[in-house]
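For reference, the structure is listed below as structure tokens.
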Amino acid sequence: MIPFLDVKAINECYLKEIECAIKEVLRSGQYILGEQVKKFEDEFARYCGVKYAIGVANGLDALSLILRGYGIKEGDEVIVPANTYIATLLAVSMNGATPVLVEPNINTYNIDPNKIEEKITCRTRAIIVVHLYGQVADMKHIWKIANKYNLKVIEDAAQAHGAIYSGKRTGNLGDAGAFSFYPSKNLGALGDGGAITTNDDELAKRLRALRNYGSHEKYYNLYKGVNSRLDEIQAAVLRVKLRYLDEENEKRRRVAEYYLKHIKNNKVILPYIDMSKKLSHVWHLFVVRVGNRNEFQNYLQSHGIQTIIHYPIPPHKQNAYSELNSLRLPVTEEIHNTVLSLPISPILTDEHVNKIVQVINDY
Ligand SMILES: *Cc1c(COP(=O)(O)O)cnc(C)c1O
């Protein structure tokens, strides 16, 4: 069986370095907000090209804390793409604000900028762009809209670590960026982890306190903060893996380009990418669309190829968002009914990639 993604095998590429990093933490006696987190924050900020990176407990908290840091609260509206992973909406709801769903572009799967303005009201405070499946959203168009209506631009970069757009990395393409280091992400830890990136001095200061009980200084609390810290072991592991991120993303690109060139089956719609901007995609997922998805997925399974659906049910159809269940979002629904993610990773062998292409072309 060709697994969809083998995180164990990816981490084993760096086994010695990861073991050394963990041992160093063990021996340091400092397990929360110590040297490793500080160094990772510096290195990740430098990598993204921003002034500040702030380690937090996970990607959802990263998003939610950015909104809180900007004072977004009950009564406010935040624009989000309708076909995102539900975490993007939950971050808005956690702050008592209302997520306002906008349809994606059917080719890029990213938020359709042409459909944003009609959803802006006097209560709109921010746009959360999601660089879905690893591809940077149409930022130039989004910046224009945000400037016109004075909205914050927040990046959900949980699937797009290291992508480059207009000479800048994700995390540096808006007012603030949220990253997840969940083990299966392009930069994955050995547990939960997340980070916020920003060039905003005030926001960075507030977030450093908010993630740690609202405290700038031990036992002095400016805000009713939360406990959302990146721990030392995860930071130490992430420092090792950050060094290989560009190399790994390049390997993902090679797999994606092979698929794009060699999959030839008119039942299978390949993902769209503007090849003049190929660095703007880090291929967290390689997502095709197929009319008869169940049959196609079973066919691949029977030929030893594991696939996953990202995502089978759109947020507005979830029980958790019953207030949105009656929305009509035909592009989003079409995407959720037809998408299927093929195996892609930095360690997928040529032999496996070849086999996957052959099996798909024979379908
Ligand atoms: C993974 C993910 C998140 C949430 O990250 P966690 O670390 O699991 O909280 C948010 N948004 C998107 C688009 C994601 O893929």
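In each ligand, atom 1 is the first atom listed, and ligand 1 is the first ligand listed.
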(message) Using the rule given for side-chain contact (heavy atoms from CB on, under 4.5 Å), can you reason through V339 versus Y311, listing the C-alpha separation, both sets of side-chain angles and the distance that settles it, and then say yes or no?
(response) CA-CA 8 Å; V339 286; Y311 302 91; over 6 Å; no
(request) Please determine if K241 forms a cation-pi arrangement with Y14, meaning its NZ or CZ atom is less than 6.0 Å from the six-membered ring centre and no more than 45° off the ring axis. (result)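 Checked: cation-pi criterion not met.
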(request) Could you tell me whether R169 sits above the aromatic face of Y47, with NZ or CZ closer than 6.0 angstrom to the six-membered ring centre and within 45 degrees of the axis? (result)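 The answer is yes, since R169 meets both limits relative to Y47.
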Can you pull every nitrogen or oxygen pair between ligand 1 and the protein closer than 3.5 angstrom?
unit_1   : atom_1 : unit_2 : atom_2 : d
ligand 1 : 5 (O)  : S180   : OG     : 3.2
ligand 1 : 7 (O)  : G59    : N      : 2.8
ligand 1 : 7 (O)  : S180   : OG     : 2.7
ligand 1 : 9 (O)  : G59    : N      : 3.2
ligand 1 : 9 (O)  : L60    : N      : 2.9
ligand 1 : 11 (N) : D156   : OD1    : 3.2
ligand 1 : 11 (N) : D156   : OD2    : 2.8
ligand 1 : 15 (O) : Q159   : NE2    : 2.9
ligand 1 : 15 (O) : K185   : NZ     : 2.7

(message) For E77, is there an ion pair with R125 - N to carboxylate O distance below 4.0 angstrom?
(response)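 Salt bridge absent between R125 and E77.
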(request) Can you see which heavy atom on P343 is nearest to which on T307, and at what distance? (result)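 That closest heavy-atom pairing would be CD-CG2, 4.4 Å.
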(request) Would you indicate whether D362, at its atom CG, is surrounded by more than 12 heavy atoms from other residues, nucleotides or ligands within a distance under 6.0 Å? (result)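 Counting other residues, nucleotides and ligands, CG of D362 exceeds 12 neighbours.
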